[in-house]
*Asks:* 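There's a structure below that I have some questions on.
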Amino acid sequence: MRRPFPIAPAAALAALLAVAAALAAALAAPPPGTRSAPRPPRPLGAYLEGDAPWAELGPGALPTPAVDRAAEALAADELPAPDGYAIGFDHYGTPAQVNTFLRQLEADYPDLVEVYRIGSSWQGREILAARVANERLGQPVDDRPAMYTDGQHHARELVSAAVPLHTLWQLVAAYGTDPVLTYLVDTRAAYFVPSVNVDGNELALVDNQTWRKTANPTCCDDDGDGRTDEDAPLGFGFGAYGVDRWLFEAEWADAHPDNPFVEDWQRHLAGAPEMGVGRFSGAFGGPSRALPFGDADGDGSIEEDPVGGTDPNRNYDVLWDRGEASIDSEVYRGPSVWSEPETRAVRDFVTGIDHLAVAVSYHSGTDLLLHPWGYSATAPLPDAGTYELLGAKGSELTETNGYDGSPHVWTARGLYGAYGSTMDWFYKVRGAYSFAPETYGSGDTLFVRRLGATGAFTVASSLAVAFNPPPDRILPAVDRWTRFANYLLAATPNIELNAAAVEGEGNDRTFVFTLGNDGVLPAAVGTVIHDAQTMELLVAATEQVRLSASQHTARIPMALLRRAATNGIVIQADAWMPIGTAPHMVETARWTLRIDDADRIHVVDGAIVPFRDLGAAFGGWWADERFHGRDYTCRRGERNCPPPLPFTPPPSPTAGPTQTAAPPSTPAWPTPLPRPTRTPWSMDAPPWWPVETYTPTSTATARPTATATATVAPSATVKWTGTAFLPIARFDP
């Protein structure tokens, strides 16, 4: 058994000590549903994912994305947005608006969008999913490779729902205009659950911007008085802010009248700050008004028993039992695995996606592109090289709209450990390459104002702005992640028939056909040929070929096909994704051809299409060397950053000198005005398909990188020989 990395004796001892510590912690963990010991008030940073990994330095200390504000503002003005829809990416949608938006898209693009009701929340709200795929093409949608995307497992992470909504909208709005996105919608299936925690979405917008968990009413007596959910914040949702008062030495205040929180400001405090002296609305414009603090249960404590709840991103079935068992913890795992109707809805929906290749679950709170493992910093990661490649490209693609590229990092190494996470379940159980991008993180401070000529300063802060961009900056923030999502969708394995012809004369005639995987994620492809009428097996592949953005040609003696040629033949290709955790089939593709007496090929079902270099639309499949460096593998400013994955990026794969490159992506997509706007097309001329590719010729049109030779066996089984270039390294656990 090979290890992914060599382990030195000292490292091995450290690993053993870490395991022992983890076992001791597990044995000492409280039983499910218990309360932890009383704790002192938490600093703002602790409201993030568990214990904040960065030092708390006072107002504005949360991580701020490196962003050129002028470029961000320019992008906000120039990026297209929906018009006439419930959501235009100029505000965060309520649960009702999100569902209306999905149904509007389904009504306007009935051939591309299908909406499903996949469950209900604790409070009875619908949880909706949407699928984007061109249903009118020949290949059944369920046979196509698939990508799944969700957002807002955590209530206060409002922008994490906006990202999948934006990606979904862009795919359908660009259909028929952008050739690359059109091709992806025609050949793949994209599934979306924009808001998993729908109750939490409502709570964060209206009543409690700090809320993270579900609204589970049965699990959590936060204040331990025998009642649940009886003292929650009211009215302190997105758009509200709190005010604290800080007192500084007079000389320090005079020297720094605009912002005293600089340099060694802690040494110049003149007393303890007064926290929570006021609460107001109007954080993003309009008149402000005072909001009261609540003590609904009259016990003298303020808002100490909020609604719910369970952290849904700790409720999945990957080492769930090792998660946090204290009900008042921000990362409480829940009373049982899959205890939440929201996580069960995701589980059941995703389990029904047979050909899942990629899964992305969006969050916010900082700016990081996270990948497995969440539960361990030392467990073998079978596909470490692939994650490094995809992650580095994500860093490159998110370097746009004024933002620096988001660092890509192994979650438990670069942020924190998490048991029962969505990301680990997708990768370990469902066998999908999974990511959990932290899409945005900023300071919480809205403004600092000095009170006259005194040493007192008021500081207005809002946890909502620490997790979410202001409404006028939503588009630049979500667009950078949509670019990454489109890249992942293009990377999924997708098998096409690129050429078919009969070569030679007399008894030496040979049927030659070329298959190509236009996605860069590798696929192991096995092919069989049947009689189209009787479905008798004529040719079977006993060996699979591995394709990664490359092609493969097979040569079949016509003696095997002649008796079926006039009836027609069915070529079936089954593509398996050799992922390290759960290899599985990601596509079944079929083409029905008829060969006439003059050896001309006629397409009865399916299509012969040119090979497309989809990587060209993203500047190549892999990022250049600088995106594999420390600046993009560690959170900025992190001093104890683990070394990056030891992996050397390969060159981008190529299908050979005659491949047909995909046209570059159109930089700006059309806005549907007025609604509905849909590009008309017909089965005879889909807009992305060049006219000259519709009539198959009698000669092969591609020169692939690998050639397979067929030999006739008594059972009419054909053995394929030859391999295709596979640039992605695999590590065996």
Side-chain angles (χ1 to χ4, degrees), residues 35-36 38-48 52 56 58-62 92 94 123 154-158 199-217 220-247 271-309 327-330 332 443-449 451 456-468:
R35 289 177 46 77
S36 59
R39 312 177 198 178
R42 288 172 296 181
L44 182 59
Y47 279 108
L48 292 174
E56 284 301 310
L62 292 181
Y92 294 107
T94 66
Q123 296 181 347
H154 295 145
R156 60 195 172 212
E157 299 169 15
L158 303 167
D199 294 340
N201 184 22
E202 182 81 9
L203 286 168
L205 283 170
V206 178
D207 282 333
N208 185 2
Q209 64 180 265
T210 72
W211 193 240
R212 169 187 172 91
K213 299 183 283 186
T214 67
N216 186 334
C220 305
D221 172 19
D222 298 78
D223 57 358
D225 65 354
R227 297 179 293 167
T228 60
D229 302 348
E230 82 280 1
D231 194 8
L234 296 175
F236 193 58
F238 186 81
Y241 61 93
V243 173
D244 307 322
R245 183 178 293 117
W246 297 70
L247 187 63
E274 298 177 75
M275 310 301 288
V277 297
R279 178 180 283 183
F280 300 87
S281 66
F284 304 111
S288 65
R289 62 182 180 87
L291 300 172
F293 290 94
D295 179 16
D297 56 358
D299 64 355
S301 297
I302 296 174
E303 300 172 352
E304 83 284 0
D305 195 358
V307 174
I327 61 174
D328 55 343
S329 168
E330 286 283 275
Y332 174 47
D444 69 303
T445 302
L446 291 170
F447 59 82
V448 177
R449 292 175 183 162
L451 298 179
F457 290 80
T458 58
V459 178
S461 61
S462 166
L463 192 72
V465 303
F467 286 90
N468 308 286

*Asks:* Report the distance from atom CG of Leu205 to atom OG1 of Thr94, rounding to the nearest 0.5 Å.
*Replies:* 7.0 Å
*Asks:* Can you give me the closest heavy-atom contact between Ala155 and Ala204, atom names plus distance?
*Replies:* O-CB, 3.5 Å
*Asks:* If you measure from CZ on Arg245 to CE on Met275, what distance do you get to the nearest 0.5 Å?
*Replies:* 12.0 Å
*Asks:* For a quick test of reading the model, state the closest non-hydrogen atom pair linking Asp244 to Gly276 and the distance between them.
*Replies:* OD1-N, 2.7 Å
*Asks:* Could I get the full list of salt bridge (charged side-chain N to carboxylate O under 4.0 Å, His left out) partners for Arg227, not counting sequence neighbours?
*Replies:* Asp225
*Asks:* Partners of Asp299 by salt bridge (charged side-chain N to carboxylate O under 4.0 Å, His left out), sequence neighbours excluded?
*Replies:* none
*Asks:* Measuring from atom CG of Leu463 to atom CH2 of Trp211, what distance do you get when rounded to the nearest 0.5 angstrom?
*Replies:* 13.0 Å
*Asks:* If I compare all heavy atoms of Arg212 with all of Glu330, which pair ends up nearest, and what's the gap?
*Replies:* NE-O, 2.9 Å
*Asks:* Would you compute the distance between atom CG of Asn208 and atom CD of Glu202 and round it to the nearest 0.5 angstrom?
*Replies:* 12.5 Å
*Asks:* Locate the shortest heavy-atom distance separating Val307 from Gln123; write the atom from each residue and the value.
*Replies:* CG1-NE2, 4.1 Å
*Asks:* Hey, what's the ring geometry for Tyr92 with Phe238, parallel, tilted or perpendicular (30° and 60° as the breaks)?
*Replies:* perpendicular
*Asks:* Tell me the salt bridge (charged side-chain N to carboxylate O under 4.0 Å, His left out) pairs involving residues 282-293, sequence neighbours left out?
*Replies:* none
*Asks:* Could you grab the distance from atom CZ of Phe457 to atom CG of Leu451, nearest 0.5 Å is fine?
*Replies:* 8.5 Å
*Asks:* Within this structure, what is the OG-CG distance for the pair Ser462 and Leu446, rounded to the nearest 0.5 Å?
*Replies:* 5.5 Å
*Asks:* Apply side-chain contact (heavy atoms from CB on, under 4.5 Å) to Tyr241 and Val465, showing your working.
*Replies:* CA-CA 9 Å; Tyr241 61 93; Val465 303; over 6 Å; no
